[in-house]
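As structure tokens, the structure follows; a few thoughts come after it.
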Amino acid sequence: MPAIADPGAAIVPRRAGGCLRLPRRGPRVAVFRRGPALLILEPYPLRWEQRLAPLEALQASDLPFRVDVVEVPSVPAAMRERILAEAVAL
């Protein structure tokens, strides 16, 4: 598994028995537990290196399930409202 570039990463515990380390200097994110999905709130559009940080964090995590990564501004407005209403900020 690849190492995370930010050694001061935030650790987000998960009830499902795993954790995810998110780089502090990465994009602003939230989680959508129905998916499960990691929601990228801003900036939009992401530069390639900004997109890579949460993907590396997910790959290095010990989460026992698959997580989708969604750039929220790219989602249609009606769906975006529903997602944001149920999102949990990290």
Side-chain angles (χ1 to χ4, degrees):
M1 287 187 219
I4 297 174
D6 184 359
I11 299 173
V12 181
R14 303 291 296 194
R15 286 188 187 158
C19 71
L20 173 63
R21 295 175 183 269
L22 294 171
R24 291 187 184 167
R25 292 179 291 253
R28 193 167 69 92
V29 298
V31 291
F32 183 65
R33 290 179 280 184
R34 285 190 196 218
L38 180 67
L39 306 172
I40 310 249
L41 304 174
E42 59 184 34
Y44 181 77
L46 290 175
R47 294 186 321 266
W48 175 250
E49 59 274 5
Q50 291 172 310
R51 182 172 295 151
L52 192 58
L55 294 176
E56 284 181 342
L58 285 168
Q59 202 171 34
S61 77
D62 62 353
L63 296 176
F65 48 85
R66 184 177 184 274
V67 176
D68 294 317
V69 177
V70 178
E71 291 183 52
V72 174
S74 69
V75 175
M79 182 179 278
R80 184 172 50 241
E81 288 177 24
R82 180 177 159 231
I83 288 171
L84 292 175
E86 298 180 29
V88 178
L90 299 179

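Linking Ile, Leu, Val, Met, Phe, Trp and Tyr whenever their side-chain heavy atoms come within less than 4.5 Å leaves Val88 and Met79 in two separate clusters. Val31 and Val72 fall into different hydrophobic clusters, where Ile, Leu, Val, Met, Phe, Trp and Tyr side chains are chained together by heavy-atom contacts under 4.5 Å.
The side-chain contact (heavy atoms from CB on, under 4.5 Å) test with Val29 singles out one residue from Leu41, Val70, Leu38, and that residue is Leu38. With Leu39 as the fixed residue, the side-chain contact (heavy atoms from CB on, under 4.5 Å) test singles out one of Val69, Ile83, Val75: Ile83.
Nearest heavy-atom pair, Gln50 versus Pro43, reported as atom, atom and distance to 0.1 Å: NE2-CG, 3.3 Å. Across all their heavy atoms, Pro73 and Ile40 have their closest contact at CD-O, 3.7 Å. The two atoms that bring Ala89 and Ala30 nearest to each other are CA-CB, 3.9 Å, heavy atoms only.
Arg82 pairs by the side chain to side chain donor-acceptor pair (under 3.5 Å) definition with nothing, not counting sequence neighbours.
In this structure a side-chain-to-backbone donor-acceptor pair under 3.5 Å is missing from Arg28 to Glu42.
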